[in-house]
Number of protein chains: 2
Amino acid sequence: MNFSKTTEYAIRVLTTMAIGEEKLYTADDLYEKLKIPKRYLRRLLTDLSKAGLIAGTRGRTGGFVFAKDPDKVTLKEIIDLVEGKETLNRCILGFSACVADGHCTMHADWIQAKVQMEELLTTTTLGSLNPNRK
Amino acid sequence: MNFSKTTEYAIRVLTTMAIGEEKLYTADDLYEKLKIPKRYLRRLLTDLSKAGLIAGTRGRTGGFVFAKDPDKVTLKEIIDLVEGKETLNRCILGFSACVADGHCTMHADWIQAKVQMEELLTTTTLGSLNPNRK
DNA sequence: ATAAAATAATACACAAAGGTATTAATAAAT
DNA sequence: ATTTATTAATACCTTTGTGTATTATTTTAT
């Protein structure tokens, strides 16, 4: 029941940028704050800006800016982006094949638990994670 | 929100053995039925028998037998065995560090979803997955 | 213009998970 | 005893996620 480290990194970076006071963050700023491996972080930032979630400007006064409305970016979006869409579209527990060959024997409880998780992922936005709001 | 492929394999093998009619399964039987890569399956079976969930006997009439009461083997046990105990003991979403540095900003909804999942994993036994029971 | 400070791109290195190949050991059937 | 069918053990290969190194590009300050 895990997401990849990269997904974790992405969420931490984005929440930091979406919630924090500052608007402009350099890669080094984020490194100091989050201690995500420097070079890896750089690449992640480039990917996130390609995806349009943040925007990077180069040069001496450059850095990254959060480029969306925090209330409109859901965790599901981020997961889909980093891990690929199929991740959450699989059988309960994330299995690609159902357990008891052919018939899915998962009970209503399971379906409910899964739906609840997905519901949370699609309704939880970066903005809603802000502890200073509540 | 995935478990490893190996965990998936383990659960499929064990449910098959716990629920099925036959008692003795050779590695080839299980391969035919489940199409899990042959050699990898062999190794998994060896691991599962070392853990005491199944018992293997060698020789011409050999094979593997399910060695426990299906009603007493939980999914959590299997996951812990294959992936290690920490897997489920991490922050919500499986993250090792909380999202907004220091304060866990996850709402009660999240905790509830996690608890529900864990509850299901500890209460769902192999026996309870049997579609012929209900 | 030149230097400095930042991102961008590309290629390489490492480790773990997944999967394969080979050989050894065991036990029953003949 | 020999053959056959099985598990057991070990070592290797492949893929993917993670992390590093190097170099190029852009922009501003001086």
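Excluded from the calculations below are hydrogen atoms, water molecules and symmetry mates; all remaining heavy atoms, backbone and side chain alike, are included. Remember, it's a predicted structure, so these values are computed and weren't measured experimentally. Proteins come first, then strands; the chains are lettered A, B, ... in the order of their sequence lines, and each starts at number 1.
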For the backbone of A:E118 and the side chain of A:T122, can you confirm whether one donor and one acceptor N or O come within less than 3.5 Å of each other? yes
Qualifying residues under salt bridge (charged side-chain N to carboxylate O under 4.0 Å, His left out), relative to A:K50, sequence neighbours excluded: none
Do B:D80 and B:K76 meet the salt-bridge criterion of a basic N to acidic O distance under 4.0 Å? yes
Any residue in residues 43-51 of chain A with a heavy atom nearer than 4.0 angstrom to DNA chain C? Just list them by number, or reply none. A:R43, A:T46, A:K50
With sequence neighbours excluded, tell me which residues meet side-chain contact (heavy atoms from CB on, under 4.5 Å) with [X].
{"X": "A:D28", "value": "A:T26, A:K38, A:R42"}
{"X": "B:Q116", "value": "A:Q112, A:A113, A:Q116"}
{"X": "B:L81", "value": "B:L48, B:A51, B:L53"}

Check whether NZ of the Lys or CZ of the Arg B:K35 lies under 6.0 Å from the centre of the six-membered ring of B:Y31 and within 45 degrees of that ring's axis. yes
Does OP1 or OP2 of C:dG18 have a side-chain N or O of B:Y9 closer than 4.0 Å? no
Is there a side-chain contact between A:K38 and the phosphate of D:dA21, meaning an N or O under 4.0 Å from OP1 or OP2? no
What is the separation between atom [atom1] on [X] and atom [atom2] on [N], rounded to the nearest whole Å?
{"X": "B:Y40", "N": "D:dA9", "atom1": "OH", "atom2": "P", "result": "17 Å"}
{"X": "B:E83", "N": "C:dG18", "atom1": "CD", "atom2": "C1'", "result": "13 Å"}
{"X": "B:D29", "N": "D:dA5", "atom1": "CG", "atom2": "P", "result": "14 Å"}
{"X": "A:L41", "N": "C:dA9", "atom1": "CG", "atom2": "C1'", "result": "16 Å"}
{"X": "B:R42", "N": "C:dT23", "atom1": "CZ", "atom2": "P", "result": "16 Å"}
{"X": "B:M17", "N": "D:dT7", "atom1": "CE", "atom2": "C1'", "result": "13 Å"}
{"X": "B:Y31", "N": "D:dA5", "atom1": "OH", "atom2": "P", "result": "18 Å"}
{"X": "A:K5", "N": "C:dA15", "atom1": "NZ", "atom2": "P", "result": "13 Å"}

Verify side-chain hydrogen bond (donor to acceptor under 3.5 Å, both in side chains) between B:S4 and B:T7, making sure each step is shown before the conclusion. CA-CA 5 Å; B:S4 72; B:T7 296; 3.1 Å; yes
What are the atom names and distances for every N/O pair under 3.5 Å that joins the protein to nucleotides 27-30 of chain C?
unit_1 : atom_1 : unit_2 : atom_2 : d
C:dA29 : O4'    : B:R60  : NH1    : 3.0

Taking all heavy atoms of B:A27 and all of B:L41, pick out the closest pair and write down the distance. O-CD2, 3.6 Å
